[in-house]
Peer 1: 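Before we start, here is the structure in question, set down as structure tokens.
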Amino acid sequence: MQLDYIKKELYRGVVTENPIFRIVLGMCPTLATTTNATNAVGMGISVIAVLTCSNAVISLLRNVIPNKVRIPAFIVVIATFVTVVDLLIAAFAPPLYEALGIFIPLIVVNCIILGRAEAFAAKNPVLPSIVDGVVMGVGFTAALVLIGALREFLGAGTLFGHAIAPFRNEFILMSLAPGAFITLGLVLAGINHLQRSAGK
Amino acid sequence: MKSRNRGQTDLYLVMILTAFSAASGLLLALVNNLTKDRIAQVAVEKQKKALAEIIPEFDATEAETLLPDSTDPFELIVCRKGGSVSGVAIKLSSRLLSPQALQKLSLPPDTRQDQAYGDPIRLMVGFTPDRKISGVSVLQCRETPGLGTKIDTPHYKSNFAGQDIAAKKWLVKKDGGDIEQITAATISSRAMTSTVAKAVAIFTARATALNLSK
Amino acid sequence: MMSHLLAIVITSAIFNNVILSQFLGVCPFLGVSKAISTAWGMGMAVTFVMVLASAITFFVQLLLVKAGVGYLQTLAFILVIAALVQMVEIMMKKLSPALYQALGIYLPLITTNCAVLGIALLAVKKNYGFVESIVYSFATAAGFTIAIVIFAGIREQMRFSKIPEAMQGVPIALITTGIMALAFMGFAGFKLPF
């Protein structure tokens with residue numbers, strides 16, 4: 001039962017309710033931190049950490065937080081965990097810290113986290129909220145890594161830093177701003193198309 | 001969400017939020033305490049690594065702050081081995097300096113200042129007592145990936161490393177100097193070159209004070 | 001000093017456009033740009049909030065540094081911005097119902113907008129003084145407005161185009177933005193004459 005539940009939840013987070021591809025939230029980090037696959041993973045893991053912890057705490061306190069001030073309360077919780085993650089990355093993963101820059105503190109305004117807090121953690125018990133946080137975070141990470149890998153491969157011919165293109169492959173535009181927008185747009189279009197043909 | 005309307009005076013709401021903020025503040029103070037030493041250590045190690053990359057041998061260093069700044073201080077680091085000066089490292093960046101700052105560094109007011117494409121390029125330029133550049137370490141480079149980032153390659157740095165400071169014109173070839181520029185990354189090349197040129201000027205101004213030979 | 005400020009204006013508004021170069025504020029950019037009038041409204045609202053937020057966070061940062069609690073920056077900034085937007089909304093309702101009609105609905109969207117927090121954080125990172133921060137945030141918001149209005153103009157035209165089903169909505173918007181970003185990249189290499 002447990003395994004089935006987990007599989008079902010993972011499918012929900014990564015496919016049917018993927019925060020980036022289906023709900024289309026959190027565009028900014030998706031565009032900014034996907035210059036290569038490694039940064040994408042780093043960002044994804046940070047978001048999983050923040051999302052899970054904040055979902056857990058908000059769910060724990062859901063009967064204590066008055067309705068009128070729930071948004072500021074959520075923001076305090078989320079900002080706290082973002083700062084914790086920020087400090088931990090600065091201390092233990094300096095290269096990642098430099099690569100992600102201000103996008104680590106910007107996780108606090110990532111609509112996905114506030115969105116899940118509102119939509120799920122505020123209304124559900126702790127354990128399901130934690131699972132929701134994890135699977136949504138994993139879905140986010142999967143999307144980021146997909147885009148990051150594409151941009152890294154096309155832009156620099158490497159994947160996670162290892163050169164894998166058999167020929168010299170440097171379509172630099174992919175590593176730059178326009179490439180980010182275009183790649184995300186094309187991937188979204190691709191997914192829409194797949195969804196439509198699957199739905200038929 | 002709880003929504004009893006009776007007990008929800010504004011004071012109650014404010015108190016709840018204050019309690020939240022206090023708890024948050026405490027947790028963060030705790031985590032900060034746990035990590036701040038490590039974070040400081042990371043910075044120190046980064047500096048040591050950069051120095052080791054450009055100064056051949058040293059066992060003692062003295063750092064002097066030339067331009068204080070919270071994020072981007074300019075420093076002059078005298079490295080000694082066995083008591084005598086084995087090298088001098090200058091930590092600086094391509095950020096725009098005011099006329100007062102230039103004066104503080106003993107640089108002429110018309111010093112060429114080329115800025116980087118993105119955030120300032122931060123360098124540590126090493127000099128040996130024989131008035132040669134011993135190396136250039138790139139501490140921060142936020143240039144265009146694949147183009148401007150090529151300034152942080154051994155190939156490009158060889159334009160600077162090992163060169164006698166009097167022997168070269170520290171400008172890119174496009175501007176009449178001796179330094180190559182990277183194709184399609186002229187801005188980054190110019191920024192790095194003019195920053196190295198500033199370092200050379202600072203070193204030259206200080207060399208006599210440091211009693212270096214020649 | 002003037003030329004330094006002017007350089008900040010041109011660089012922040014155009015060369016390092018907040019959306020097309022720095023990826024901040026993309027969600028409202030995509031969401032509120034279907035018509036030029038709404039785009040203007042959003043631009044104005046963002047300008048208002050961004051400048052105020054930068055002004056206030058400047059002092060907040062001074063306090064944080066003085067108290068030695070720099071690590072509370074994220075928490076303090078976002079709370080200040082959220083409170084600021086709430087207050088602006090309330091004051092606008094009372095003082096200028098007309099303005100509230102025009103801009104009010106955009107305000108809540110701006111709180112969780114990475115652009116406002118992002119610019120507040122960047123101004124601190126770049127060590128800008130008070131005047132520089134104000135100029136920087138104003139110019140950045142101007143850049144946001146320029147980009148979103150141009151984009152809305154394009155989208156209004158796109159209504160008459162035959163767009164493949166899979167591309168409709170966000171995908172084509174993103175690709176259009178990408179092409180705009182490409183165009184703005186043409187400003188790279190501009191050496192300001194001052």
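Below, chain A is the first sequence line, B the second, and so on; all start at residue 1. Values in this document were obtained by computation on a predicted structure and should not be read as measured data. Scope of the values below: all heavy atoms of this structure, side chains included, with no hydrogens, waters or symmetry mates.
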Peer 1: Roughly how far apart are Glu98(A) CD and Leu139(B) CG, rounded to 0.5 Å?
Peer 2: 9.0 Å

Peer 1: Heavy atoms, side chains only, cut-off 4.5 Å: are Val69(A) and Phe20(B) in contact?
Peer 2: no

Peer 1: Determine which residues belonging to residues 131-147 of chain A lie within contact range of chain B, meaning some heavy atom pair is under 4.5 Å apart, and list them by number or answer 'none'.
Peer 2: none

Peer 1: Please identify each residue that fulfils side-chain contact (heavy atoms from CB on, under 4.5 Å) with Ile89(A), with sequence neighbours left out.
Peer 2: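 Ile89(A) satisfies side-chain contact (heavy atoms from CB on, under 4.5 Å) with Ser46(A), Val85(A), Ala93(A), Leu96(A), Tyr97(A), Ile104(A) once adjacent residues are dropped.
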
Peer 1: What part of Leu87(A) gets within 4.5 angstrom of chain B, counting heavy atoms only: side chain, backbone, both, or neither?
Peer 2: both

Peer 1: Of all residues at least two apart in sequence or in a different chain, which pass the side-chain contact (heavy atoms from CB on, under 4.5 Å) check with Glu57(B)?
Peer 2: Lys81(B)

Peer 1: Looking at every non-hydrogen atom in both residues, tell me the closest pair between Ala73(A) and Leu17(B) and how far apart they are.
Peer 2: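 Smallest interatomic distance, heavy atoms only, reads N-CD2, 3.8 Å.
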
Peer 1: For residues 34-52 of chain B, give me every residue with a non-hydrogen atom less than 4.5 Å from any non-hydrogen atom of chain A.
Peer 2: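 Heavy-atom contacts from residues 34-52 of chain B to chain A are Thr35(B), Arg38(B), Ile39(B), Val42(B), Lys46(B).
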
Peer 1: Once you round to the nearest 0.5 Å, how far does OG1 of Thr83(A) lie from CG of Leu28(B)?
Peer 2: 5.0 Å

